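Each remark here refers to the structure printed beneath this line.
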Amino acid sequence: PPSSLLPPPVRPGAPSPPPAPPPDNASRVEPPEAPEQPATPGTDGWGLASGGGGARDSWPRTPLAPSDMIAAQNALREREAQESSTPEEDLAGRRAANASGERGGVVSTPDYGEKKLPQALIIGVKKGGTRALLEAIRVHPDVRAVGVEPHFFDRNYEKGLEWYRNVMPKTLDGQITMEKTPSYFVTNEAPKRIHSMAKDIKLIVVVRNPITRAISDYTQTLSKKPEIPTFEVLAFKNRTLGLIDASWSAIRIGIYALHLENWLQYFPLSQILFVSGERLIVDPAGEMAKVQDFLGLKRVVTEKHFYFNKTKGFPCLRKPEDSSAPRCLGKSKGRTHPRIDPDVIHRLRKFYKPFNVMFYQMTGQDFQWEQEEGDK
Ligand SMILES: Nc1ncnc2c1ncn2[C@@H]1O[C@H](COP(=O)(O)OS(=O)(=O)O)[C@@H](OP(=O)(O)O)[C@H]1O
């Protein structure tokens with residue numbers, strides 16, 4: 001199997017506990033609740049939440065790398081751990097949406113009901129399109145989702161299930177509670193922990209061409225830390241020999257077959273939905289139909305909820321007539337990727353191909369990444 005081609009993953013040390021997230025602060029619907037689990041004093045509580053899959057949660061580099069590389073990589077990792085994928089950063093026009101007390105075209109339910117543990121999770125992948133998916137599915141009146149990433153099963157697990165439940169929005173009978181934390185997909189302990197909470201939970205993974213995903217991941221880091229080495233430098237253990245550094249998290253996260261193997265020890269394939277990150281952009285309604293079917297929901301989110309915003313280059317959620325606020329994701333999505341040396345792309349294609357093929361076999365879905373240019 002492809003995993004035998006890889007160096008064994010190095011287990012990271014226990015991460016330091018991050019600040020506690022506030023309750024559903026992304027609910028665009030209801031008036032804010034009094035925080036039962038306030039953010040740690042002196043921190044912003046949320047701004048430091050990872051965009052998911054940062055190296056801290058997964059795969060530090062091997063000690064074989066030269067020391068200067070390790071220093072650069074450590075710096076990188078620290079920065080990745082500080083990446084944010086909060087709705088504040090991701091969503092344009094959220095305040096306006098809040099002010100109008102409206103929720104993606106669906107009139108909100110007031111703050112009734114009770115907080116429940118999630119019945120469905122978006123577990124990955126980082127930079128796959130997870131924010132777009134969450135924002136689209138929460139338009140559905142039978143879905144309530146926490147907008148921020150709770151990172152319960154990777155960083156906050158010791159806080160316990162009651163803490164986790166408190167992070168969730170209140171739901172009415174029949175509504176599904178959801179959250180997204182893209183780093184779960186690459187967290188070794190996550191499947192076991194999630195299984196012990198709810199073995200019938202539904203899991204959603206948004207996957208994207210691993211090469212594009214890696215470049216997107218790198219671009220995010222670069223935007224915060226312009227002095228990091230080039231993608232080409234970080235991608236190789238030995239460029240002359242063409243040896244890809246599979247321990248760099250940007251590369252490692254894209255070895256989907258490897259991570260999936262871990263999930264399949266605990267969950268049947270039928271409990272996992274794989275959403276194409278590429279199709280989520282070109283046919284959001286089509287992908288949302290699959291998501292709603294998988295969740296056992298009526299197909300409420302359809303073509304009429306989306307329009308293609310040419311300026312952004314992405315689909316955005318349509319607003320109801322009485323509101324002018326845009327519902328496109330913010331500027332942290334759709335950053336311009338740096339141009340990567342075509343030889344490096346070529347080498348990465350060769351590297352990922354066996355893993356991609358294995359992933360297609362495991363899932364029974366062909367995501368057609370071999371047909372793509374590489375970085376799109
Ligand atoms: N509708 C819409 N609007 C904007 N962006 C969209 C959309 N659908 C998918 N995408 C793609 O989502 C990519 C970011 O993925 P994530 O939201 O999973 O990132 S994160 O892990 O939460 O940081 C982001 O990656 P980059 O383009 O590389 O920034 C987008 O390509």
Side-chain angles (χ1 to χ4, degrees), residues 26 46-55 57-58 79-94 104 121-139 145-151 154 179-187 204-224 231 249-250 253-254 275-288 291 301 305-318 326-338 340 372 374-376:
W46 290 104
L48 299 185
S50 156
D57 54 47
S58 49
R79 172 50 68 189
E80 281 171 352
Q82 293 176 16
E83 293 291 332
S84 168
S85 180
T86 62
E88 287 83 354
E89 193 188 47
D90 290 348
L91 261 187
R94 176 175 160 248
L121 296 174
I122 300 172
I123 57 172
V125 299
K126 184 187 182 191
K127 307 317 291 179
T130 56
R131 174 59 60 192
L133 176 61
L134 187 76
E135 294 309 319
I137 195 60
R138 71 203 305 224
V139 166
V146 54
V148 290
E149 297 175 5
H151 282 275
D154 56 344
E179 66 115 329
K180 79 120 176 160
T181 302
S183 49
Y184 292 162
F185 189 61
V186 297
T187 299
I204 301 176
V205 194
V206 188
V207 288
R208 182 182 187 187
N209 182 327
I211 304 176
T212 326
R213 198 222 66 81
I215 298 168
S216 172
D217 202 338
Y218 172 79
T219 306
Q220 173 168 290
T221 309
L222 189 68
S223 74
K224 314 257 163 95
F231 181 92
S249 73
I253 291 168
V275 172
S276 158
E278 285 84 14
R279 296 205 58 76
L280 197 58
I281 295 170
V282 297
D283 179 20
E287 287 306 293
M288 291 315 293
V291 172
V301 184
H305 287 90
F306 299 95
Y307 71 96
F308 192 81
N309 184 311
K310 283 200 188 117
T311 318
K312 299 266 335 166
F314 287 107
C316 299
L317 286 166
R318 228 182 255 292
R327 292 289 309 286
C328 297
L329 298 187
K331 59 182 177 355
S332 72
K333 307 297 177 192
R335 294 183 181 105
T336 306
H337 295 180
I340 305 299
E372 294 184 22
D375 180 27
K376 274 199 294 188

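By convention here, the first residue in the shown sequence is residue 1. Counting starts at 1 for both ligands and their atoms, in listed order. Just so it is clear, the model here is predicted, and its values are computed rather than measured.
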For ligand 1, which part of T130 has a heavy atom less than 4.0 Å away: the side chain, the backbone, both, or neither?
-> both
Numbering the atoms of ligand 1 from 1, which are under 4.0 Å from a heavy atom of Q220?
-> 23 (O)
Is the shortest heavy-atom distance from the side chain of E179 to the side chain of V148 under 4.5 Å?
-> no
R208 and E278: CA distance, side-chain angles, deciding distance, salt bridge (Lys or Arg N to Asp or Glu O under 4.0 Å) verdict = CA-CA 6 Å; R208 182 182 187 187; E278 285 84 14; 5.2 Å; no
Would a distance-only check, ignoring hydrogens and angles, find a side-chain to backbone donor-acceptor pair under 3.5 Å from K312 to L329?
-> yes
Under 4.0 Å from a heavy atom of S216: give me the atoms of ligand 1 that qualify, with their elements.
-> 25 (O), 26 (P), 28 (O)
Test of proximity, L280 against ligand 1: N or O pairs below 3.5 Å = no
Would you confirm whether R213, through its side chain, and V207, through its main-chain N or O, come within 3.5 Å as a donor-acceptor pair?
-> no
Looking at ligand 1, does K312 have a heavy atom less than 4.0 Å from it?
-> no
Working to the nearest 0.5 Å, report the span between CZ of F308 and CD1 of I281.
-> 8.0 Å
Heavy-atom contacts with P315 under 4.0 Å: which atoms of ligand 1 show up? List them by number with element.
-> 1 (N), 2 (C)
Using salt bridge (charged side-chain N to carboxylate O under 4.0 Å, His left out) as the criterion, list what pairs up with E287, not counting sequence neighbours.
-> R279, K290
Heavy-atom distance to atom 25 (O) of ligand 1: which of R208, H337, E278 wins?
-> R208
Quick one: does I281 get within less than 4.0 Å of ligand 1, heavy atoms only?
-> yes
A250 versus A214, closest heavy-atom pair with distance | O-CB, 3.2 Å
Per-atom filter on ligand 1: closer than 4.0 angstrom to a heavy atom of K333 are 4 (C), 5 (N), 14 (C), 16 (P), 17 (O), 19 (O), 20 (S), 22 (O), 23 (O), 29 (O)
Which of the ligand 1 atoms, numbered from 1, are nearer than 4.0 Å to a heavy atom of K180 = 22 (O)
What atoms in ligand 1 come closer than 4.0 Å to a heavy atom of R335?
-> 29 (O)
Minimum non-hydrogen distance to atom 10 (N) of ligand 1, winning option of F308, Y218, F314 | F314
